[in-house]
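What you see is a predicted model; the values in this text were computed from it and never measured.
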Amino acid sequence: MEAEYDFSQGKRGAIDPTPPGKTRITIRLDDEVLEWFREQVHSAGGGNYQTMINEALRQHIQQSREPLEETLRRVVREELERVER
């Protein structure tokens, strides 16, 4: 270990820059919610739990914008597909 380190070329901020279209935030989630997403990623063999949370939020937004008729059609199709297997 060196007695003194030179940080004159150091840069402040996040190590990985935030890509366009994304915003870095701090959010508080229930432990159980976070653990569930982490378990899903682990059981899927890897991935990113933050991406999974983002996708779940997108699906929620999409479904809440979806008219009731479209929601019913989608649910019926999903259930028929499940029964046919």
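Taking the side chain as every heavy atom from C-beta outward, I53 and L29 approach each other to under 4.5 Å. Put simply, the side chain of R82 reaches to within 4.5 Å of the side chain of E79, judged on heavy atoms.
With hydrophobic clusters built from ILVMFWY side chains whose heavy atoms lie under 4.5 angstrom apart, I61 does not share a cluster with L68. L72 and L80 end up in different hydrophobic clusters when Ile, Leu, Val, Met, Phe, Trp and Tyr side chains are linked at under 4.5 Å.
The line from CZ of R38 to CD of E35 is 7.0 Å long, rounded to the nearest 0.5 Å. Atoms CG and CD, from L57 and Q59 in turn, are 9.5 Å apart once rounded to the nearest 0.5 Å. Here the straight-line distance linking atom CD of E39 with atom CG of L34 works out to 10.0 Å at 0.5 Å rounding. In this structure, the separation between OG1 on T71 and CZ on R65 is 13.5 Å, given to the nearest 0.5 Å. Atom CD of E55 and atom CD of Q50 lie 14.5 Å apart (nearest 0.5 Å).
Of all non-hydrogen atoms in V41 and M52, the two that sit nearest each other are CG2-SD, 3.7 Å. Of all heavy-atom pairs between R24 and T18, the closest is CB-OG1, 3.9 Å.
The backbone N or O of E32 sits nowhere less than 3.5 Å from a side-chain atom of D30 that would complete a donor-acceptor pair.
The residues R74 and E78 are annotated as salt-bridged, a charged nitrogen and a carboxylate oxygen being separated by less than 4.0 angstrom. Ion pair R77/E81 not flagged as a salt bridge, since none of the NZ, NE, NH1 or NH2 atoms sits closer than 4.0 Å to an Asp/Glu carboxylate oxygen.
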